[in-house]
Protein chains: 2
Amino acid sequence: MAKRMTIKELAKILNVSISTVSKALNDSDEISPETIKRVKETAKLYGYRANFIAKSLKSQSTNTLGVIIPDVLNYFFVQLLHGIENEARKQGYNVMTCISHEKISNEKANIIALTNGQVDGILFCPSEETQNTIDLTHIEELSNNNVPFVTFDRSLHDIKASGVLSNDFFSAYDATNYLIKNGGEKTYLFASHVGLSVMKERIKGFKQAMREHHILKDSSVVEISEEKDYEVFIKEFLASTKVDGILTIDELLSVKAVKIATKLKINIPKTLKVIGFSNGEISAQFSPSISSVDQRAGLMGKEAVTLMIEMLKNENSREVVVKTVPAVLIHRETTKI
Amino acid sequence: MAKRMTIKELAKILNVSISTVSKALNDSDEISPETIKRVKETAKLYGYRANFIAKSLKSQSTNTLGVIIPDVLNYFFVQLLHGIENEARKQGYNVMTCISHEKISNEKANIIALTNGQVDGILFCPSEETQNTIDLTHIEELSNNNVPFVTFDRSLHDIKASGVLSNDFFSAYDATNYLIKNGGEKTYLFASHVGLSVMKERIKGFKQAMREHHILKDSSVVEISEEKDYEVFIKEFLASTKVDGILTIDELLSVKAVKIATKLKINIPKTLKVIGFSNGEISAQFSPSISSVDQRAGLMGKEAVTLMIEMLKNENSREVVVKTVPAVLIHRETTKI
DNA sequence: CTGTTAGCGCTTTCAC
DNA sequence: GTGAAAGCGCTAACAG
């Protein structure tokens, strides 16, 4: 960034002191209206813009929020980011974005990058690796560095931190009940990435619903681990098993399930109903369009910002607040009755 | 951000001067090895971390890049952002993201927010509104404020600025040729958002290919403006027109076209071949999977960062550099022969 | 080898 | 109503 007009230069031009200029620009009532006018006019004339960095150094706050998301190519997280961006901007905050790519090493680097005074607080979604490990020292360091932070979507089991979560348990419970009541007893959950906190909750919710209907079996939860085997695996499963309803733990699995079922000439939604999670772009555009649990990621992002800003306002209070955003089940062609 | 250890406090603790600490931490050869060791150990002990804001103020550079993208819920831009993020982080830069939502008013606000000294340079993709107007004063202001900036994807007609673009003309030309040669003469372009520079180029490329085969008609370019009418419009078009091949100017139109054609029992790819633009998530997952021009958005983002960093290195040179990233045509089921 | 000092651009207390 | 001066945390010329 090249040379720019400063308060100092303005003062010289106007033949007043630096502090007068500063006060005038901030509408201080210590300064006469005429001076204020004169200063402001000259400032405008010379295109003066206050230096944010200097202000930040002085005020010890940057009006900037750091965000760490696991994956930016995932529509769900992008919606979250969108919600965060929007709300932050609305509240006068800038957003500095980091992507962990689901790796704990990147996450550590991101945390280090963000805890050097550039941001007032951090909005943070733990990576998949982080959720699969018990070593959370890098996150404890956040507390040690006194960096206000809130988590979103995924939770940190041991560390108690403020955050905003989706009600994954209930969403899954609810969707499963729908499938059982409108489909039948042969309801299954397609699961993957089961190490993630959100997935665990969804599995619990599914099981709970199945249990209440006395139809939970060991085989009810179908874990599908390797992405490249998805289509083959599902094909074999659907060809060999009578299925009324499938709840899938993420969007991709729902797309694959619907695709394969269609190819196998299984009638959707008449004989098979499908509900996915994380209502993304594909669910709406696919043919047939796929019903999905919409976690209202944008709203979660917004709420995370709200939480953060409240936290920044009451820095003394170390109260831990956990907000829950209710999801909504969106019915499309794979469940149309 | 709460109180943190500073150089000053370290100096007090160590009973040396502030500058000694500073120099020691920066491995200055003015300082004895023992002192350096002592200082560093104490710094580590107390969890000292240099204050980035103070450094920035001193050095007049923030190691931060500003990014303005029109839409973060668009997979293409997200790929771009991903490429930018990755490369920037690799080069030791932070990224501050702004979203214009295709609105000139937001874009102005974003530019103002980013030109207050927080970023060393701006990577910028003009909003749709900006591309439809001739009022580019807010962008000229960037130059006036001496903020280094590069554009990406979309260009600024009048203002000459460095940037990285996709070769939209050639990609469209190439894809059209493919359709003509492997499909037939009844090839059409489905177009929308025609005010965008990239769309104009694609239309030109399409027309050029059609012209060279002496089959360009007024009706060859089918403009489809309102999103809500897409499906109805396309249905009527396909029902009333004999079509061998369709090139669509974006991803959504290709999805809609394939969906409707399938419903109309048109055999894809045998009687109708379809190629979309902006190879997104849906193209790959759709059934049939949709062939698409992949603009390698990630690479564009990376190149934009490279360009920016070179610019920052040679701040004296005001050379305008425009890079072009070649796209690649990805064949999927809608063009499989 | 270490320390003093000035200064990055800004705010703010305290004098005048 | 205005100005001088200190200081936010850091670096770097210059002195010692």
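Just so it is clear: chains get the letters A, B, ... in the order the sequence lines come, proteins before strands, and each one is counted from 1. In this text, all values refer to a predicted model and were calculated from it rather than measured experimentally.
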Axis-to-axis angle between the two ends of the helix from dC1(C)-dG16(D) to dC16(C)-dG1(D) (five base pairs per end, rounded to 10 degrees):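 Between the first-five-pair axis and the last-five-pair axis there is 50°.
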Gap separating the CD atom of Glu128(A) from the OG atom of Ser100(A), nearest 0.5 angstrom: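 The CD atom of Glu128(A) sits 10.0 Å away from the OG atom of Ser100(A).
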With a 3.5 Å cut-off and no angle check, do the side chains of [X] and [Y] form a donor-acceptor pair?
X         : Y         : value
Glu102(B) : Ser127(B) : no
Glu107(B) : Thr130(B) : yes
Thr137(B) : Asp135(B) : yes
Arg89(A)  : Asn94(A)  : yes
Asp120(A) : Thr62(A)  : yes

To the nearest angstrom, how far is [X] atom [atom1] from [N] atom [atom2]?
X        : N       : atom1 : atom2 : value
Lys8(A)  : dG3(D)  : NZ    : P     : 16 Å
Glu30(A) : dT11(C) : CD    : P     : 13 Å
Ile53(A) : dC10(C) : CD1   : P     : 12 Å

Would you mind telling me which of [options] lies closest to the side-chain atoms of [X]?
X        : options                   : result
Lys58(A) : dT13(C), dT11(C), dC10(D) : dT11(C)
Ala50(B) : dG3(D), dG9(C), dC10(D)   : dC10(D)
Leu57(A) : dT2(D), dG9(D), dC10(D)   : dG9(D)
Pro33(B) : dC10(C), dC1(C), dT11(D)  : dC1(C)
Gln60(A) : dC10(C), dG3(C), dG9(D)   : dG9(D)

For the student: nearest non-hydrogen atoms of Pro70(A) and Ile99(A), plus distance: O-CG2, 3.9 Å
Closest non-hydrogen atom pair between Ala297(B) and Gln79(B), with its separation: CB-CB, 3.6 Å
Sub-4.0 Å heavy-atom contacts from residues 13-29 of chain B onto DNA chain C, ordered by number: Val16(B), Ser17(B), Ser19(B), Thr20(B), Lys23(B)
Sugar-phosphate only, base, or nothing, as touched by Tyr48(B) at under 4.0 Å among non-hydrogen atoms: sugar-phosphate
